[in-house]
Amino acid sequence: MRVAITAAALRTALGNDAATVWRRIQAGESAVAPVKGFDASGFGEDVQAAQIWTEPETPEDDPALRILGPHGRLLDAVALEAHAAAGLESVPRERVGLFVGMGMVDSPIDDLITAALAARNGSDRLSLTSFFAGAFRQIHPLWPLSMLNNVAAGQIAIDLDLRGDNLVLAADGPGGIRALLEAAYAVDEGACRCAIAAGVSGRVAAAVLARRVLDRRDEPPGEGSAALVLEREKDALARGAPVLGIVRGGATSFGEDRFDPARPAVKRTMQRTGCGHAGVFHGTPPPFGDLGPGTAAAHIAVQLAAWEAEPANGARRNALIVAGGVDSGGCIAIEEAAA
Amino acid sequence: MPSTDTTNVVVTGWGMVSSLGGGVDETFHAMRAGQSGVRRITRFDPTGLPCEIGAEIDVAHLLREHANDEIGGPELRLLRTAVQQALETAPLDAIEDRLRIAVSLGGHGSTPNVGAIDTQTRYLDDDLQLDIEGLRRDPRFTSRQFTRRSPEVAPTLLAHHLDARGPVIPVVSACAAGSQAIGEALHLLREGRADVVVTGGAEPLLTFSYFVGFAILGALTRRYPSPEEASRPFDRRRNGFVIGEGAGVLILETEEGAASRGRTILGRILGYGDSADGYRITDLQPDGDGAVLAMERAIADAGLTADDVEYVNAHGTSTAINDPIETLACKRVFGDRAMQVPISSNKSMIGHTIGAAGAIEAILTMKGMEEGVLLPTINQTARDRKCDLDYVPNEAREQPHSVALSNSFGFGGQNGCLCLGRG
């Protein structure tokens with residue numbers, strides 16, 4: 001496989017462009033800090049995260065923004081930026097695909113709680129009769145849409161007027177790699193001319209922390225998103241698009257290695273692509289936090305920026321981007337673009 | 001773009017739970033008789049809601065609860081039940097290389113229930129800040145409710161259950177999820193990334209918070225003479241859809257692999273097309289462009305032309321907007337032949353099973369080819385001038401056919417279409 005990366009965009013707590021993020025990582029900075037915005041002490045005294053989200057002052061004004069929620073807005077931002085950077089306006093809209101990795105959406109439970117409170121009738125117990133008989137009307141009419149994992153991808157297609165392949169995967173870290181791989185396969189097989197492959201981890205909320213406690217995951221969560229534009233190398237060169245790097249292939253693994261779930265995926269990726277193990281992002285929580293499905297694309301964007309900042313003399317470099325979950329892992333091999 | 005891959009992908013096992021039965025045959029025969037699975041809701045008291053009906057399954061059809069259901073939620077239990085049926089004709093035990101078994105499933109995880117919301121309200125202070133520590137100590141609260149909300153959990157646990165170690169693809173494109181999951185399974189097999197794929201989708205048991213979401217959106221039917229007459233796709237008196245519960249699971253293999261394992265071929269996945277609608281989150285493009293693209297891509301992917309299609313299993317939701325647009329899309333795809341291509345909607349009998357719909361309807365389409373029967377669209381009493389095709393009204397029709405489309409158009413803007421063939 002030789003699929004070109006022709007644009008990258010990201011939003012992280014360490015910066016909103018890959019060059020800045022790389023520069024700050026090199027300087028030893030970290031955005032991981034005690035959780036702010038709500039009382040997270042119940043999840044441990046030292047619970048930390050890399051947060052960027054600030055609540056807009058009037059989120060109710062725009063129905064689309066309300067439906068999207070923090071995760072959708074972060075995703076939409078990087079997809080639009082990557083689309084513009086790759087110059088995809090010139091590619092027929094029917095030939096541009098969209099492949100998205102989503103975690104658990106940041107559903108605004110507050111909407112339901114307000115309705116539940118209204119159904120208490122002054123007592124300390126919720127009255128189901130009151131709830132069903134009218135209190136439920138306090139639930140915002142757009143709440144159900146904000147619960148759907150696929151809505152953000154739909155909004156991107158609306159914003160960019162896309163008509164191509166359209167796939168939304170529920171995914172944690174390895175699933176972000178799965179979304180990238182499915183996009184790369186779709187491009188490589190000719191199912192679409194170009195693909196926007198993106199992942200996002202929305203607002204760090206109580207539900208996110210609860211899930212991580214249950215999964216016994218220690219790495220601090222991050223808020224952010226990342227998107228790549230993929231197309232066949234020859235197509236990119238033919239239309240004069242900038243080739244930032246090359247996707248050489250990858251693999252996922254599931255239930256094979258209890259202690260290091262990603263290891264089989266790394267091994268298979270190396271076998272399939274011939275890429276070595278230099279530059280492996282693995283095992284170290286990124287200083288912009290774990291972006292879940294957005295982590296892999298963010299790592300790739302930063303790696304490409306690092307290569308650009310520090311040119312090599314000699315053979316093209318490659319890197320393996322690795323993500324591990326509770327019992328699954330994924331790996332994707334990328335190669336430096338020609339000088 | 002038409003596929004250049006000539007790998008034939010076949011169905012060797014299938015399983016289903018629906019409001020009309022605990023298996024494929026039971027559901028199909030009830031639908032052939034024009035029965036409806038829509039009733040007044042029993043999972044919770046719907047009194048006072050604008051819609052009080054749904055197509056609930058009989059939980060007696062489900063396998064006994066398993067410890068993992070606590071984490072995977074009812075979606076996992078539904079999937080386990082449908083998978084067990086599918087494995088009867090396509091067991092996976094003999095496949096030594098478990099890395100070659102993939103899982104691709106549509107769904108959306110669980111929604112927080114009213115009980116969980118009630119518990120949380122007890123730990124809110126005057127500023128609506130949550131006392132997390134107090135909540136964690138409450139025995140009624142489990143952080144597993146958050147796990148159940150993650151849509152990848154049920155497919156992942158199912159993969160564990162099956163010892164399937166290949167790719168796990170949890171598709172979450174709402175009403176198109178089941179169809180798109182099967183489409184991804186097709187890709188996995190054609191591209192040689194798996195030998196067998198367990199695919200399909202599930203729609204968990206109705207909960208108040210999930211149901212009320214669609215109710216306040218105004219998507220559900222509000223006016224119906226009886227529950228059985230509420231879902232009436234393409235009929236002039238339609239006014240919204242009916243939510244259904246259920247699951248559909250298929251075992252897909254390459255034809256070569258199926259032959260080597262001595263499997264019976266139940267049906268064929270000939271092609272798949274998807275598209276972004278790119279119009280509105282809740283509405284299809286008025287000109288049906290997104291639907292047309294998905295259908296044309298599925299036909300081309302199968303290496304066929306529109307003239308080869310003999311039947312369409314419609315998305316057919318029974319909403320005022322969807323049905324005429326799907327009708328228009330069919331006219332654009334089939335041209336002068338549109339009046340001769342029968343179209344019917346399973347949702348008239350089992351409601352809209354959202355995450356499972358694409359899978360259940362694909363199975364019923366192939367079962368119809370096996371039986372030489374077109375399932376009807378029931379509740380057709382008033383002709384809509386914008387819906388003027390042959391919807392196989394009210395009664396099943398015996399008609400041999402070998403190639404069909406199954407449409408799924410998702411809330412949110414993802415469209416999927418499967419081109420299916422007889423086994």
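Proteins come first, then strands; the chains are lettered A, B, ... in the order of their sequence lines, and each starts at number 1. Excluded from the calculations below are hydrogen atoms, water molecules and symmetry mates; all remaining heavy atoms, backbone and side chain alike, are included.
In this structure, chain A has heavy atoms under 4.5 Å from both the backbone and the side chain of B:Ser275. Interface remark: A:Leu98 contributes no atoms to any contact with chain B (heavy atom separation under 4.5 Å). The contact between B:Asp277 and chain A is made entirely by backbone atoms, counting heavy-atom distances below 4.5 Å. For A:Ala251, no part lies near chain B; criterion is any non-hydrogen pair under 4.5 Å. Contacts between B:Leu293 and chain A at a heavy-atom distance below 4.5 Å involve the side chain alone, from C-beta outward. There is no contact between B:Arg98 and chain A, counting heavy-atom distances below 4.5 Å.
The distance from atom CG of B:Leu99 to atom OG1 of A:Thr252, rounded to the nearest 0.5 Å, is 9.5 Å. Note: A:Leu148 CG to B:Phe411 CZ = 7.5 Å, rounded to the nearest 0.5 Å.
A salt bridge is absent between A:Arg163 and B:Asp274: the closest approach of a Lys/Arg side-chain nitrogen to an acidic carboxylate oxygen does not fall below 4.0 angstrom. Between A:Glu94 and B:Arg297 there is no salt bridge, since no side-chain N of the basic residue sits under 4.0 Å from a carboxylate O of the acidic one.
No other option in B:Thr47, B:Val168, B:Asp45 has as many heavy-atom pairs under 4.5 Å with chain A as B:Asp45. When each of B:Arg280, B:Gln285, B:Arg193 is scored by its heavy-atom pairs under 4.5 Å with chain A, the top score falls to B:Arg193. Among the candidates A:Gly330, A:Ala179, A:Ala157, the residue making the largest number of heavy-atom pairs closer than 4.5 Å to chain B is A:Ala157.
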*Mind running side chain to side chain contact (heavy atoms under 4.5 Å, CB included) on B:Ile281 and A:Leu145 for me, showing each step along the way?*
CA-CA 8 Å; B:Ile281 293 297; A:Leu145 293 177; 4.2 Å; yes
*Pair A:Val168-B:Val171, side chain to side chain contact (heavy atoms under 4.5 Å, CB included): steps then yes or no*: CA-CA 6 Å; A:Val168 189; B:Val171 181; over 6 Å; no
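For the side chain to side chain donor-acceptor pair (under 3.5 Å) condition, the pairs that include at least one residue of residues 169-189 of chain B, sequence neighbours left out, are B:Ser173-B:Gln180.
Closest approach of A:Ile158 and B:Gly278 over heavy atoms only: CG1-C, 3.6 Å.
Put simply, the side chain of A:Asn149 reaches to within 4.5 Å of the side chain of B:Pro151, judged on heavy atoms.
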Tabulate below the donor-acceptor pairs under 3.5 Å that side-chain atoms of residues 153-162 of chain B make, not counting sequence neighbours, or state none.
{"unit_1": "B:Thr156", "atom_1": "OG1", "unit_2": "B:Glu152", "atom_2": "O", "d": "2.6"}
{"unit_1": "B:His160", "atom_1": "NE2", "unit_2": "A:Asp327", "atom_2": "OD2", "d": "2.6"}

